[in-house]
Visitor: 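Got a structure here, written out as structure tokens. Questions coming.
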Number of protein chains: 2
Amino acid sequence: MSDFFDNWVVQVRKGVIELCILRTLAVRERYGYELVKELSQVPGMGLTEGTLYPLMSRLRLAGLVTTRLEESASGPARKYYSLTPEGLHTLKTMNVFLETLQRSTQQVGDRS
Amino acid sequence: MSDFFDNWVVQVRKGVIELCILRTLAVRERYGYELVKELSQVPGMGLTEGTLYPLMSRLRLAGLVTTRLEESASGPARKYYSLTPEGLHTLKTMNVFLETLQRSTQQVGDRS
DNA sequence: CAAGCTACCTTGCGTCACAAGGTATTCATG
DNA sequence: CATGAATACCTTGTGACGCAAGGTAGCTTG
């Protein structure tokens, strides 16, 4: 039925998810599970652990975040992620690009 | 260098491209090459033929567009694409979803 | 007739979201 | 003290898709 729409939603989320994670980390450091719980409730973005953890790995390999282990009094140890200066710079570049793309996208279809 | 950013750009474009094509077709029918020439000039979206033609195939299979061949006085025959009622309906659904997602995305990072 | 534009399409590669499944820790309940 | 639930981490397999590169064919111009 709306098979096409479902696939499209998955595609649109790509990239937006990364942006939201970087934005969230720009406020303060978070641990993975915390990010899942928070961002899975954002309307339109159904973040799951299977998406998040590989993503965080990539961000770390790319040097955009650093990690820090901290033991928790109530549960397993938490891995905290925080933005590096390079991560902050990339975030700003992404914001600029997305604004441009959104402006362009909104204008598509306005020409006869 | 900005390898991560380049990959991210590719991901963000996914989905947006489909939306823009449907929006363009909502105005009037177009042929493939025309779409490439037009949308490749939209800032932020580097549409190429290798992206477009498989995409149009998927849209046709999904029943969102129909095709029509028309001979051209100056060159090979053109394949015109036009939106079906189902395509128009899907476009509207996509617009609604994207607005929701954009609103959500903008608010991420505003909480302490 | 050769070059170049128009116009279509395919192949191969790499990236990534997501579902599903796995492990370990802590705490509450019977 | 066993059992379940919640917290918290991670991996594997699958499928979708953008994109570079390359291919075919028609028409026009020098």
Side-chain angles (χ1 to χ4, degrees), chain A residues 2-21 29-40 42 44-62 65 67-81 101, chain B residues 2-21 29-40 42 44-62 64-65 67-81 97 101:
Chain A
S2 59
D3 207 11
F4 177 85
F5 179 71
D6 292 344
N7 271 340
W8 177 77
V9 167
V10 171
Q11 301 306 321
V12 169
R13 282 208 271 249
K14 293 190 184 187
V16 176
I17 291 176
E18 292 177 350
L19 184 68
C20 286
I21 285 171
E29 63 171 7
R30 314 278 173 126
Y31 57 96
Y33 196 70
E34 191 183 5
L35 284 169
V36 172
K37 291 302 167 198
E38 271 192 40
L39 293 182
S40 64
V42 172
M45 175 163 31
L47 183 65
T48 65
E49 301 185 33
T51 298
L52 182 89
Y53 288 112
L55 202 169
M56 298 315 288
S57 259
R58 290 200 306 276
L59 290 178
R60 199 176 63 78
L61 285 180
V65 302
T67 60
R68 175 177 74 82
L69 267 182
E70 184 177 309
E71 294 178 9
S72 167
S74 59
R78 298 166 173 174
K79 186 180 274 186
Y80 280 89
Y81 299 90
L101 189 61
Chain B
S2 60
D3 209 10
F4 177 85
F5 180 71
D6 292 344
N7 270 340
W8 178 76
V9 167
V10 171
Q11 301 307 321
V12 169
R13 282 207 271 249
K14 293 190 183 186
V16 175
I17 291 177
E18 292 176 349
L19 183 68
C20 286
I21 286 173
E29 65 171 4
R30 314 277 172 126
Y31 59 97
Y33 196 70
E34 190 182 7
L35 285 170
V36 172
K37 290 302 168 199
E38 271 192 39
L39 293 183
S40 64
V42 172
M45 175 164 31
L47 184 64
T48 66
E49 301 185 32
T51 299
L52 182 89
Y53 288 112
L55 203 169
M56 298 314 288
S57 260
R58 289 200 307 275
L59 290 177
R60 201 177 60 79
L61 285 180
L64 306 192
V65 303
T67 60
R68 176 176 73 83
L69 268 181
E70 184 177 310
E71 293 177 12
S72 166
S74 59
R78 300 167 172 172
K79 186 181 274 186
Y80 281 88
Y81 299 89
F97 180 86
L101 189 61

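Residue numbers start from 1 in every chain, and the chains themselves are labelled A, B, ... in the order their sequence lines are given, proteins ahead of strands.
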Visitor: Measure from CG on A:Asn7 to P on D:dG15 and round the result to the nearest Å.
Guide: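 Taking CG of A:Asn7 and P of D:dG15, I get 12 Å after rounding.
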Visitor: Using whole Å, report how far CG of A:Leu69 lies from C1' of C:dA24.
Guide: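 In whole Å, C:dA24 C1' and A:Leu69 CG are 14 Å from each other.
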Visitor: With rounding to the nearest 0.5 Å, note down the distance linking NZ in B:Lys37 to CD in B:Glu49.
Guide: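 Going from the NZ atom of B:Lys37 to the CD atom of B:Glu49 covers 6.5 Å.
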Visitor: How long is the span from the CD atom in B:Glu71 to the CZ atom in B:Arg78, to the nearest 0.5 Å?
Guide: 11.5 Å
Visitor: Within the structure provided, determine whether A:Leu52 and A:Ile21 are in side-chain contact (heavy-atom separation under 4.5 Å).
Guide: yes
Visitor: Take atom CE of A:Met56 and atom C1' of C:dC16, then tell me their distance rounded to the nearest Å.
Guide: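 Computing the A:Met56:CE to C:dC16:C1' distance gives 16 Å.
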Visitor: Specify the residue among B:Tyr80 and A:Pro54 whose closest nucleotide of DNA chain C lies further upstream toward the 5′ end.
Guide: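 Result of the comparison: B:Tyr80.
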Visitor: Examine C:dC18: is either OP1 or OP2 under 4.0 Å from a nitrogen or oxygen in the side chain of A:Arg13? Give yes or no.
Guide: yes
Visitor: Separation of A:Asp6 atom CG from C:dA19 atom P, in whole Å?
Guide: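 Going from CG in A:Asp6 over to P in C:dA19 covers 11 Å.
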Visitor: Given D:dT7, is OP1 or OP2 found less than 4.0 Å from the side-chain N or O atoms of A:Arg78?
Guide: no
Visitor: Is the phosphate of C:dT6, meaning OP1 or OP2, less than 4.0 Å from a side-chain N or O of B:Tyr33?
Guide: yes
Visitor: Rounded to the nearest 0.5 Å, how far apart are OH of A:Tyr81 and CG of A:Leu55?
Guide: 10.0 Å
Visitor: Is B:Arg58 salt-bridged to B:Glu18, cutoff N-O under 4.0 Å?
Guide: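 Yes.
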Visitor: Quick one: do A:Glu38 and A:Arg30 make a salt bridge, cutoff under 4.0 Å?
Guide: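 The answer is yes: the pair qualifies as a salt bridge.
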Visitor: Which value, rounded to the nearest 0.5 Å, describes the distance between B:Met56 atom CE and B:Leu61 atom CG?
Guide: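 Result: 11.5 Å between the selected atoms.
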Visitor: Dot-bracket for DNA chain D, please, read 5' to 3', with Watson-Crick or G-U wobble pairs under 3.5 Å on both distances, ( ) within the strand, [ ] crossing, | other strand, . unpaired.
Guide: ||||||||||||||||||||||||||||||
Visitor: Closest-nucleotide mapping onto DNA chain D: is A:Pro76 or A:Trp8 further toward the 5' terminus? I mean the 5' end.
Guide: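 The residue whose closest nucleotide sits nearer the 5' end is A:Pro76.
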Visitor: Could you grab the distance from atom CD of A:Glu29 to atom OH of A:Tyr80, nearest 0.5 Å is fine?
Guide: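 Interatomic distance, A:Glu29 CD to A:Tyr80 OH, rounded to 0.5 Å: 6.5 Å.
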Visitor: Nearest to the B:Leu55 side chain among D:dG18, D:dC10, C:dA7, which nucleotide is it?
Guide: D:dG18
Visitor: Does C:dT10 have its OP1 or OP2 closer than 4.0 Å to a side-chain nitrogen or oxygen of B:Tyr53?
Guide: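 The answer is no; no side-chain N or O of B:Tyr53 sits under 4.0 Å from OP1 or OP2.
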Visitor: Say whether, by atom type as modelled, one donor and one acceptor occur between the side chain of A:Arg13 and the main chain of B:Leu101 under 3.5 angstrom.
Guide: no
Visitor: Please determine whether a side-chain nitrogen or oxygen atom of B:Tyr31 lies at a distance below 4.0 Å from atom OP1 or OP2 of C:dA7.
Guide: yes
Visitor: Could you list by number each residue of residues 44-51 of chain A showing a heavy-atom separation from DNA chain C of less than 4.0 Å, or answer none if no residue does?
Guide: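 Within residues 44-51 of chain A, the residues near DNA chain C are A:Gly46, A:Thr48, A:Gly50, A:Thr51.
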Visitor: Could you tell me the separation between the CG atom of A:Leu39 and the P atom of C:dA17, rounded to a whole number of Å?
Guide: 13 Å
Visitor: Nearest of D:dA8, D:dC17, C:dC18 to any side-chain atom of B:Glu18?
Guide: D:dC17
Visitor: Figure out the CZ/C1' separation between B:Arg58 and D:dG15, and round it to whole Å.
Guide: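 So the CZ-C1' distance, B:Arg58 to D:dG15, works out to 12 Å.
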Visitor: As an exercise, state the distance from OG1 of B:Thr51 to CG of B:Leu35, rounded to the nearest 0.5 Å.
Guide: 12.5 Å
Visitor: Between A:Lys79 and D:dC10, does any side-chain N or O lie under 4.0 Å from OP1 or OP2?
Guide: yes
Visitor: In whole angstrom, give the distance that lies between atom CD of A:Gln11 and atom C1' of D:dT14.
Guide: 14 Å
Visitor: Whole Å only: how far is the CG atom of B:Leu52 from the C1' atom of C:dA7?
Guide: 11 Å
